[in-house]
Amino acid sequence: MAKRSTWALRILFLVAAIVFVAVQMKLFAVQSDSANRAAAAVDSENDCQSKMQSLVDKLMTQQGTLTSLEEEKKRLEGKEQMTRMSDKPPEDVVAAVVIMTYNRPDYLDRALKSVLKYHKAVADRFPLFVSQDGADWTVMSKARSFSQVNYMQHFDEGPPRTAKPGEIIAYYKIASHYRWALTQLFNKRKFKRVIILEDDMEIAPDFFKYFEATSHLLDNDRTLLAVSAWNDNGQTQFVHDSEVLYRSDFFPGLGWMLTKAVWDELAPHWCHTYWDDWLRLNSTRKGRHFIRPEICRTYNYGEQGSSFGQFYKQYLEPIKLNDILVDWVSKDLSFLREEQFDREFGGLVAKAKLVNAMEALQQVKSTESEDVRMEYHTHLDFGHLARQFGVFQEWKDGIPRTSYKGVVVFRWKGPKRVFFVRDDSLQLLGINAK
């Protein structure tokens with residue numbers, strides 16, 4: 001009997017122990033699950049708070065944008081009320097100046113400060129605009145922080161589609177922005193001329209005088225397509241005289257002016273991408289020329305941009321920006337008319353000493369001050385000459401950069417001129433070679 005009681009107690013204790021362990025395990029599982037749920041709840045709450053803060057930040061940004069747009073609308077409405085009496089800008093306006101920008105507020109700040117340094121005295125004759133592509137808030141704030149600026153903003157109706165796989169979308173967006181901005185200024189605001197700058201350019205002291213003086217020539221000479229402030233071979237070692245201007249078959253860009261009449265012709269056919277190269281095509285140019293200076297009236301500091309700094313170190317950074325105030329308005333620019341320019345320019349080319357192209361650089365070095373010329377027949381010949389001296393080798397649609405009727409001219413360490421002359425250039429210039 002006693003043995004049975006002992007065994008019964010042992011079994012009872014064993015069952016109790018098993019139940020106790022099972023209960024403890026259940027409690028541990030419940031506690032672990034509760035802890036996991038609590039941790040998940042904390043993480044979820046933190047994530048929710050983070051998303052809520054992000055949403056609040058976006059809403060604040062959008063509210064700021066809406067407020068700024070409303071203020072801009074009121075400002076523009078005020079300006080429209082002042083100009084409503086006339087459909088056109090005042091007659092003494094030479095040209096609207098527009099700075100094209102996208103997402104570089106620091107570049108835009110530098111460009112605006114450079115322009116405004118010389119703009120105050122001519123503000124009535126050169127209304128200043130900034131045209132922004134897209135909604136970068138920092139760019140909008142920077143543009144609107146300058147009270148002298150008229151602000152415009154462009155949005156694409158949809159994402160641009162490239163014609164070929166792998167093409168850079170940025171060039172499509174830029175072409176679209178240009179079309180929109182020029183349409184706004186020529187067709188909506190009725191300007192007769194527009195000067196186009198970009199947000200990575202500084203200007204020379206005589207920038208406005210240069211364009212004012214050449215505006216009348218551009219209006220009246222149907223052999224001209226545009227006037228540019230740029231010389232592709234304008235590096236310090238290749239320029240000398242601040243008062244020399246040339247005609248060119250190659251569109252230089254980088255600070256240029258065109259007229260409403262030319263825009264009316266170009267606008268219906270405006271390209272979808274690479275707008276500057278499109279203007280260099282013979283089918284677009286139709287035999288017309290461009291005016292360019294020997295020493296640049298703009299300087300390009302755009303090492304970062306859609307072209308990824310192409311040519312920057314070699315060709316753009318060494319450019320000389322004119323630092324002399326030339327009173328262009330008082331000068332007679334009739335020499336730039338095609339017939340007279342061909343006669344005078346052709347005479348300089350013909351008088352230059354003819355040297356052997358294969359040893360051109362050595363012969364130029366051995367010639368003290370006399371102008372020299374060397375002939376080329378093909379693109380390959382031209383490339384050989386250009387490499388010897390370090391000037392641009394690039395051609396577009398058969399036209400070397402800066403060339404006029406096949407002639408590329410630059411200075412060589414002083415006043416000496418070097419001419420690369422195509423075999424038919426003198427004939428095109430109306431000069432009988434001796």
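All values derive from a computational prediction rather than experimental measurement.
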Hey, do the aromatic rings of Trp328 and Phe211 have their centres closer than 6.0 Å?
no

Counting heavy atoms not belonging to Gln427, are there more than 12 under 6.0 Å from its CD?
no

Rounded to the nearest 0.5 Å, how far does CZ of Phe341 lie from CG of Leu429?
8.5 Å

Kindly state whether the ring of Trp275 and the ring of Trp180 have centres lying under 6.0 angstrom apart.
no

Is a side-chain donor or acceptor of Tyr315 paired with a backbone partner of Gln235 at a separation under 3.5 angstrom?
no

Residues passing the side-chain hydrogen bond (donor to acceptor under 3.5 Å, both in side chains) test with Asp133, sequence neighbours excluded, are His154

Within the side chain of Ser248, is there an N or O that forms a donor-acceptor pair under 3.5 Å with the backbone of Ser403?
yes

Nearest 0.5 Å, what's the NE2-CZ distance between His240 and Phe410?
15.5 Å

Side chain of His119, backbone of Phe126: donor and acceptor closer than 3.5 Å?
yes

Just checking, any donor-acceptor pair under 3.5 angstrom between side chains of Trp230 and Asn300?
no

Counting distance only, does the side-chain N/O of Thr162 pair as donor-acceptor with the main-chain N or O of Pro165 below 3.5 Å?
no

I'd like to know if the side chain of Asn233 and the backbone of Phe392 have a donor-acceptor N/O pair within less than 3.5 Å.
yes

For the atom pair CD (Glu394) and CD1 (Ile399), what is the distance rounded to the nearest 0.5 Å?
12.5 Å

Verify the distance criterion only: is there a donor paired with an acceptor across the side chains of Tyr102 and Gln132 at less than 3.5 Å?
no

Distance-only donor-acceptor check, side chains His177 and Ser131, under 3.5 Å:
yes

When rounded to the nearest 0.5 angstrom, what is the spacing between OG in Ser283 and NE2 in His269?
10.5 Å

Is the count of non-hydrogen atoms from other residues, nucleotides or ligands lying under 6.0 Å from Gln362 atom CD greater than 12?
no

Determine, for Arg104 against Asp200, whether the closest basic-nitrogen to carboxylate-oxygen distance falls under 4.0 angstrom.
yes

Side chain of Ser425, backbone of Val421: donor and acceptor closer than 3.5 Å?
no

Please report whether the ring centroid of Phe382 lies less than 6.0 Å from that of Phe420.
yes

Between Arg373 (side chain only) and Ala350 (backbone N and O only), is there a donor and an acceptor less than 3.5 Å apart?
yes

Does the cation-pi check pass for Arg247 over Phe290, that is, NZ or CZ under 6.0 Å from the six-membered ring centre and within 45° of its axis?
no

Around Ile169, counting heavy atoms of other residues, nucleotides and ligands shown, do more than 12 lie under 6.0 Å from its CD1?
no

Out of curiosity, Arg280 CZ to Asn282 CG, how far, rounded to the nearest 0.5 Å?
12.5 Å

Answer with yes or no whether the side chains of Ser242 and Asn322 bring together a donor and an acceptor at under 3.5 Å.
yes

Salt bridge or not between Glu243 and Lys331? Use side-chain N to carboxylate O under 4.0 Å.
yes

Say whether Thr402 and Asp232, considering side chains only, have a donor N or O and an acceptor N or O under 3.5 Å apart.
no

Tell me if the aromatic rings of Tyr151 and Phe146 count as close, with their centers under 6.0 Å from one another.
no

For Gln184 and Arg189, test the side chains for any donor-to-acceptor distance below 3.5 angstrom and give the result as yes or no.
no

Under 3.5 Å side-chain donor-acceptor pair for Ser228 and Arg297
no

Is it true that the side chains of Tyr172 and Glu167 contain a donor and an acceptor less than 3.5 Å apart?
yes

Can you tell me how far CG of Leu426 sits from CG of Asp342, rounded to the nearest 0.5 angstrom?
11.0 Å

Between Trp263 and Trp270, does the ring centroid distance fall short of 6.0 Å?
yes

